[in-house]
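Notes for the one structure printed next.
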Amino acid sequence: KQWYQRRVRVSRMAATQQESTISLKGSTQMVSEFFYYAVNSILFQRGVYPSDSFDFKTKYNLKVMETTDERLKNYLDQCLDQLRGWLNNLTVQKLVLVMQDLETKENIERWSFDIACDKSIRNCPDLTKPAELKTIQKGIQDVIRQIVSSVTFLPILESSCSFDILVYTDHDVTIPVGWDETTAKIVVGGSENVQLKGFSTSVHTVTPTISYKMP
């Protein structure tokens with residue numbers, strides 16, 4: 001009986017410790033998944049794709065959007081699969097979603113997500129960092145809510161738009177097959193910038209900023 005009680009106490013301590021820490025792998029999964037739903041939400045909210053090509057899904061205790069367009073889904077899966085590798089190697093600096101006027105090719109809106117990586121764990125991939133899951137999820141919820149509410153201040157996109165996903169990495173990273181070097185695709189000429197509240201997993205810190213062209 002005494003052995004059983006001690007075993008229960010150890011189990012509880014282990015569970016508490018597990019809930020209060022995060023590994024590099026766990027952080028990579030959470031951040032890459034966030035970007036999947038963030039990009040889906042932006043494309044839906046800004047009307048880049050028809051609203052009927054999205055479905056509601058419950059995530060982070062919120063109703064989020066997910067595309068039903070197989071081509072778009074495959075494209076995002078390919079982008080985020082590569083992003084996971086860079087996140088896990090702590091070599092990514094920024095992810096950017098740029099919207100362009102389909103006819104003029106002008107950059108009219110730019111969602112930039114700065115990513116700060118804690119490189120102190122690079123040589124210790126199994127090391128865990130102190131982190132509260134509830135706090136991380138609350139931060140992600142806040143960003144998703146800001147994306148949804150952005151329609152209250154962003155100009156209506158009057159013309160049809162295309163979009164590109166750019167990823168900034170460290171200089172020593174080899175460019176993978178299917179990716180190309182490109183320009184920053186900055187919004188120029190009367191643009192406004194709005195910084196949003198970000199979130200941190202203790203391993204990766206994400207800070208979003210929107211740049212948009214004034215009508």
Same cluster (ILVMFWY, side-chain, under 4.5 Å), [X] and [Y]:
X	Y	value
Val48	Ile42	yes
Phe56	Tyr60	yes
Val92	Val98	no

Minimum side-chain heavy-atom gap [X]-[Y] below 4.5 Å:
X	Y	result
Ile140	Glu33	no
Asn40	Leu76	yes
Thr201	Phe34	no
Ser23	Thr128	yes
Phe54	Asp52	no
Asn107	Met99	no
Gln146	Ile210	no

Self-check item: Test side chain to side chain donor-acceptor pair (under 3.5 Å) applied to Gln195 - qualifying residues, sequence neighbours left out
Solution: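 Once residues adjacent in sequence are excluded, Gln195 has no partner under the side chain to side chain donor-acceptor pair (under 3.5 Å) criterion.
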Quiz item: How would you list, by chain and number, every residue that makes a side chain to side chain contact (heavy atoms under 4.5 Å, CB included) with Pro176, sequence neighbours excluded?
Solution: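 Result, side chain to side chain contact (heavy atoms under 4.5 Å, CB included) vs Pro176: Gln82, Trp86, Trp179.
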Atom pair [atom1] ([X]) and [atom2] ([Y]), whose distance is rounded to the nearest 0.5 Å:
X	Y	atom1	atom2	answer
Ser120	Leu127	OG	CG	7.5 Å
Ser41	Tyr36	OG	OH	10.5 Å
Leu43	Leu97	CG	CG	5.5 Å
Ser32	Leu87	OG	CG	6.5 Å
Gln137	Gln141	CD	CD	7.0 Å
Thr68	Leu72	OG1	CG	9.0 Å

Closer than 3.5 angstrom, by distance alone: can the side chain of [X] be matched with the main-chain N or O of [Y] as a donor-acceptor pair?
X	Y	answer
Asn74	Glu70	yes
His204	Ile115	no
Ser27	Leu24	no
Asp101	Glu103	yes
Asp69	Ser53	no
Asn88	Arg84	no

Quiz prompt | Exceeds 12 heavy-atom contacts within 6.0 angstrom, atom NZ of Lys94 | solution = yes
Quiz item: So with a 6.0 Å cut-off around CD1 of Ile175, is the heavy-atom count from everything else above 12?
Solution: yes
Please report the shortest heavy-atom distance between [X] and [Y], naming the atom on each side.
X	Y	result
Gln45	Ile147	CG-O, 4.1 Å
Met65	Tyr37	O-CD2, 4.0 Å
Ile121	Lys129	CG2-CD, 3.9 Å
Pro208	Gly198	CD-CA, 3.7 Å
Phe35	Val206	CZ-CG1, 4.1 Å
Ser202	Ala131	OG-CB, 3.8 Å

Practice problem: Determine whether the side chains of Asn89 and Thr91 contain a donor N or O and an acceptor N or O closer than 3.5 Å. | Solution: no
Practice problem: Using a strict 4.0 Å threshold on nitrogen-to-oxygen distance, state whether Lys73 and Glu66 make a salt bridge. | Solution: yes
Quiz item: Hydrophobic cluster mates of Val177, side-chain heavy atoms under 4.5 angstrom, ILVMFWY only, any path?
Solution: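 Besides Val177, the hydrophobic cluster comprises nothing; the residue is isolated.
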Practice problem: May I ask you to decide if the ring planes of Tyr212 and Phe153 are parallel, tilted or perpendicular, using 30° and 60° as cut-offs? | Solution: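 Judged by the thresholds at 30° and 60°, the geometry between Tyr212 and Phe153 is tilted.
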Exercise. Let me see the working for Phe113 and Thr207 under side-chain contact (heavy atoms from CB on, under 4.5 Å), right down to the final yes or no.
Key: CA-CA 5 Å; Phe113 297 86; Thr207 306; over 6 Å; no
Residues 180-194, side-chain donor-acceptor partners within the protein, below 3.5 Å, at least two apart:
| from | atom 1 | to | atom 2 | distance (Å) |
| --- | --- | --- | --- | --- |
| Lys185 | NZ | Asp164 | OD2 | 2.4 |
| Asn193 | OD1 | Ser211 | OG | 2.6 |

Considering only distance and modelled atom types, tabulate donor-acceptor pairs under 3.5 Å from the side chains of residues 166-174, sequence neighbours left out.
| from | atom 1 | to | atom 2 | distance (Å) |
| --- | --- | --- | --- | --- |
| Tyr168 | OH | Arg110 | NH2 | 2.9 |
| Asp170 | OD1 | Gln93 | NE2 | 2.9 |
| Asp170 | OD2 | Lys119 | NZ | 2.6 |

Practice problem: Provide the full list of salt bridge (Lys or Arg N to Asp or Glu O under 4.0 Å) pairs with a residue in residues 196-215, sequence neighbours left out, each pair given once. | Solution: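 Every salt bridge (Lys or Arg N to Asp or Glu O under 4.0 Å) pair that includes a residue of residues 196-215, provided the two are not neighbours, is Glu106-Lys213, Asp142-Lys197.
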Quiz item: Pick from Thr209, Leu196, Val96, Ile165: which one makes a side-chain contact (heavy atoms from CB on, under 4.5 Å) with Trp111?
Solution: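 It is Leu196, the one option of Thr209, Leu196, Val96, Ile165 that forms the side-chain contact (heavy atoms from CB on, under 4.5 Å) with Trp111.
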Practice problem: May I have the step-by-step check of ring-ring contact (aromatic ring centres under 6.0 Å, His included) for Phe163 and Tyr75, ending in yes or no? | Solution: CA-CA 12 Å; Phe163 78 95; Tyr75 171 74; 5.8 Å; yes
